[in-house]
Amino acid sequence: MTAELALLNKTNIVLAADSAVTIGLHRKVFNTANKLFPLSNYEPIGIMIYNNAEWMDIPLEIIIKSYTKQLGEKSFKYLEDYKIDFIDYLKNNFKQFINDEQIETIITNRLYSILGTITEYLEEEFNEIINESPENVNIPEIKEKTLFNIVDELSKYKED
């Protein structure tokens with residue numbers, strides 16, 4: 001869990017954050033992380049990170065520092081412009097941080113995670129149906145009902 005604080009008045013802003021951070025798919029937590037970074041070395045603008053300290057298995061600290069270096073003395077009038085420029089930087093420089101083999105590994109890991117979740121859900125559904133009426137167990141019917149339930153559940157997430 002992350003705790004971050006931003007205090008503003010008419011002329012200043014103060015940013016603060018705890019030092020707990022989550023790394024990797026197995027959600028390992030470290031209590032020595034930096035979550036506040038300058039986005040520019042020339043303008044008073046910073047960025048706070050929370051939740052996972054990585055994006056596509058790349059430490060956000062590396063990405064932010066690389067962006068800051070690339071930004072140089074360039075500045076923007078509006079905060080929104082920094083956001084747009086940072087996202088464009090991610091899109092245009094993604095390959096600088098990760099190669100095709102790493103991308104394949106990330107996608108494979110994500111798919112296995114999703115399949116694991118679906119498998120757990122199926123097992124829960126099967127057990128629930130079997131426990132409700134064990135004497136009338138019709139496996140093909142149970143499979144069909146369960147698969148339809150999964151499709152319905154997954155389609156709810158797609159709509160969000």
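Not a single side-chain hydrogen bond (donor to acceptor under 3.5 Å, both in side chains) links Glu4 to another residue, sequence neighbours left out. Partners of Phe97 by ring-ring contact (aromatic ring centres under 6.0 Å, His included), not counting sequence neighbours: none found. Remark: Ser66 pairs with Tyr89, Gln96 by the side-chain hydrogen bond (donor to acceptor under 3.5 Å, both in side chains) rule, at least two apart or across chains. The side-chain contact (heavy atoms from CB on, under 4.5 Å) check on Thr68 picks up Asn41, Ile64, with sequence neighbours excluded. Here Glu80 pairs with Lys83, Ile84 under the side-chain contact (heavy atoms from CB on, under 4.5 Å) rule; sequence neighbours left out. Residues passing the side-chain contact (heavy atoms from CB on, under 4.5 Å) test with Thr105 are Asn109, sequence neighbours excluded. Judged as a ring-ring contact (aromatic ring centres under 6.0 Å, His included), and not counting sequence neighbours, the contacts of Phe94 are Trp55. Taking Glu104 as the reference, nothing meets the side-chain hydrogen bond (donor to acceptor under 3.5 Å, both in side chains) condition, with sequence neighbours excluded. Leu5 pairs by the side-chain contact (heavy atoms from CB on, under 4.5 Å) definition with Leu7, Ala16, not counting sequence neighbours. Taking Asn12 as the reference, nothing meets the side-chain hydrogen bond (donor to acceptor under 3.5 Å, both in side chains) condition, with sequence neighbours excluded.
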(request) Just do the side chain to side chain contact (heavy atoms under 4.5 Å, CB included) check on Ile63 and Phe86 with the steps written out, would you? (result) CA-CA 10 Å; Ile63 295 170; Phe86 184 72; 4.0 Å; yes
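Counting only residues at least two apart or in different chains, salt bridge (charged side-chain N to carboxylate O under 4.0 Å, His left out) contacts with residues 85-94 comprise Lys74-Asp85.
Hydrophobic clustering, defined by side-chain heavy atoms of Ile, Leu, Val, Met, Phe, Trp and Tyr closer than 4.5 Å, groups Leu8 together with Ile13, Leu15, Leu36, Met48.
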